[in-house]
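First comes the structure, then the notes that go with it.
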2 protein chains.
Amino acid sequence: MTATRKGRRSAALSRERIVEAAVELLDSGGESALTFRVLTERLATGPGAIYWHVANKDELLAVATDGVVADALAVGSEQSPAGPEDELRAVALGLYEAIAAHPWLGGQLSRQFTRNGPVVPRIYESIGRRVRALGVPEATWFVTTSVLVHYVLGAAGQNAANSASARTSADGANRADFLDAVSTAWEELDPDEYSFARAIAGQMRDHDDREQFLAGIDLVLAGLRLS
Amino acid sequence: MTATRKGRRSAALSRERIVEAAVELLDSGGESALTFRVLTERLATGPGAIYWHVANKDELLAVATDGVVADALAVGSEQSPAGPEDELRAVALGLYEAIAAHPWLGGQLSRQFTRNGPVVPRIYESIGRRVRALGVPEATWFVTTSVLVHYVLGAAGQNAANSASARTSADGANRADFLDAVSTAWEELDPDEYSFARAIAGQMRDHDDREQFLAGIDLVLAGLRLS
DNA sequence: ACCTGAACACCGTTCAAGT
DNA sequence: ACCTGAACACCGTTCAAGT
């Protein structure tokens, strides 16, 4: 793992090796940890060499994002379980786990929605195929898939953000401590203005990530059966 | 409007004036348009003066985000319509319109989920109050509100991203042209790998933003009635 | 074709100094 | 208490020059 960190590089530079190193940096320190300065150091090269393989930082981030998502979705579709509902849950959970493992994915994915890249249709395809298999009317394919996609990415991103900020927090807190801090903050809000936020603060503290996440999927599935 | 753009500043500096100028810059050119360099120029001052009123750029962005969202939600709750369902639609649409008017809000809001700031409980409160009023069981308050919040922010952000990138696109395209380009790109994807994405490309091109957005809300509301 | 590395035009932020 | 503005330590990106 430390083999390429110092001294001359062992293998020729390639787009793949650059993306691989970028993902490592993103995983270890979030979006701000990926700079061309430390990237060139890690790869024992100069900035010009990287720009030979990659157009700019935006493209590098897009390729890294698409690669991680493609892997996550590929794993999800290997095991083809019982029916389309279970498949849908598996795909959603696969995305969830990927974002949990790479917290920077959350923000990056929401940025990719601006662009016309490959990752957005990839995600719509994975979720949408299962929506179609559930037999919902074609006229509602776009809406239902959109609801699912946005919920999956939003909820996963929020949870990943929690664990990410917990990881880098100064007070050495873990995820539970961070959730506890947020929950406590919500409980101390003004009782008149924030009666609801205060009421769910406890649920937020104690909730099991995956369980709640899947409960949300099931809620949408229930609504889907009626449309 | 151009009064404060050049020459000496007319009024004393204040947190409010700084935030106001920041929002103007964000609205006009997106997140990258907000720099301390042009901010000091607009306010006819030096960077040190801004740092006297505001801790750093992160705080400035957080305050700007919270301000715009607070305004949007205040407008939404003024008119208290028929029942909680209509109120929910009004609040959701209010957020939707705010993000459409300030496209940078989308990305900024997803970033605020990492932090323990005031904007996230504010949004949960507005949506959650109506969820509670619908009479759903307390045990599911957190999940149902989460589904709604993530869908609202995700869908609004995606649409805003569309119009935002359309606005700044080189080929002078408007929103319809941008959607058309994306739709065409999806139609040209591999038929085997992307059968679903190709199938909904047409719906994406022709869809009415608000109509589709509200259809998504209704889908969740339908699922909510069953839980 | 692929890589080097100095240089450019920018950032956010700090801080001694002024009023 | 509030503001000035030079300076610092960084960015992403370019490009003439090498192999």
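Proteins come first, then strands; the chains are lettered A, B, ... in the order of their sequence lines, and each starts at number 1. From a predicted model like this one, the values you see are computed outputs, not experimental measurements.
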Sequence neighbours left out, what passes side-chain hydrogen bond (donor to acceptor under 3.5 Å, both in side chains) with [X]? Give chain and number order.
X: A/Glu20; answer: none
X: A/Ser195; answer: B/Arg132
X: B/Trp104; answer: B/Asp27
X: B/Arg89; answer: B/Glu85, B/Asp86, B/Asp218

* CA sep, side-chain torsions, deciding dist, call: B/Val69, B/Gln112, side chain to side chain contact (heavy atoms under 4.5 Å, CB included) -> CA-CA 12 Å; B/Val69 168; B/Gln112 292 304 320; over 6 Å; no
* To do: Please check the phosphate of C/dA1 (OP1 and OP2 only) for any side-chain N or O of A/His53 closer than 4.0 Å.
  =>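 For C/dA1, OP1/OP2 do not have a side-chain N/O of A/His53 under 4.0 Å.
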* Does a side-chain N or O from A/Trp52 land closer than 4.0 Å to OP1 or OP2 of C/dC3, or not? ->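 For C/dC3, neither OP1 nor OP2 has a side-chain N or O of A/Trp52 closer than 4.0 Å.
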May I have the distance from [X] (atom [atom1]) to [N] (atom [atom2]), rounded to whole angstrom?
X: A/Leu13; N: C/dC2; atom1: CG; atom2: P; result: 11 Å
X: A/Glu41; N: C/dT4; atom1: CD; atom2: P; result: 14 Å
X: A/Arg15; N: C/dC3; atom1: CZ; atom2: P; result: 14 Å
X: B/Leu43; N: D/dC2; atom1: CG; atom2: C1'; result: 15 Å
X: B/Leu39; N: C/dT13; atom1: CG; atom2: C1'; result: 14 Å
X: B/Ile50; N: D/dA1; atom1: CD1; atom2: C1'; result: 17 Å

Tell me, please, which residues at least two apart from [X] pass side chain to side chain contact (heavy atoms under 4.5 Å, CB included).
X: A/Arg37; value: A/Thr35
X: B/Ser110; value: A/Ser110
X: A/Ser146; value: A/Tyr124, A/Phe142, A/His150

* Asked: Of the nucleotides C/dC3, D/dC3, C/dG5, which one has an atom closest to the side chain of B/Ala49?
  ->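 So the side chain of B/Ala49 is nearest to D/dC3.
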* Pair pattern of DNA chain D in dot-bracket, where unpaired bases get dots and | marks partners in another strand, Watson-Crick or G-U under 3.5 angstrom -> ||.|||||...|||||.||
Are there any protein N/O atoms within less than 3.5 Å of an N/O atom in nucleotides 9-12 of chain D, and if so, which ones and at what distance?
{"unit_1": "D/dC11", "atom_1": "N4", "unit_2": "A/Arg37", "atom_2": "NH2", "d": "2.7"}
{"unit_1": "D/dG12", "atom_1": "OP1", "unit_2": "A/Lys57", "atom_2": "NZ", "d": "2.7"}
{"unit_1": "D/dG12", "atom_1": "OP2", "unit_2": "A/Phe36", "atom_2": "N", "d": "2.9"}
{"unit_1": "D/dG12", "atom_1": "N7", "unit_2": "A/Arg37", "atom_2": "NH1", "d": "2.8"}
{"unit_1": "D/dG12", "atom_1": "O6", "unit_2": "A/Arg37", "atom_2": "NH2", "d": "3.0"}

Could I get a table of every N or O pair under 3.5 Å where one atom is in the protein and the other is in nucleotides 17-19 of chain C?
none

* **Pairs satisfying ring-ring contact (aromatic ring centres under 6.0 Å, His included), at least one member in residues 11-49 of chain B, at least two apart** =>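 Listed by first then second residue: B/Phe36-B/Tyr51.
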* Name all residues meeting the salt bridge (charged side-chain N to carboxylate O under 4.0 Å, His left out) criterion together with A/Glu97; count only those two or more places apart in sequence or in a different chain, and write none if there are none. =>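 Checked A/Glu97 against salt bridge (charged side-chain N to carboxylate O under 4.0 Å, His left out); matches are A/Arg210.
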* Closest heavy-atom contact between B/Gly117 and B/Pro121? ->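 Where B/Gly117 meets B/Pro121 most closely, the heavy atoms are O-CD, 3.4 Å.
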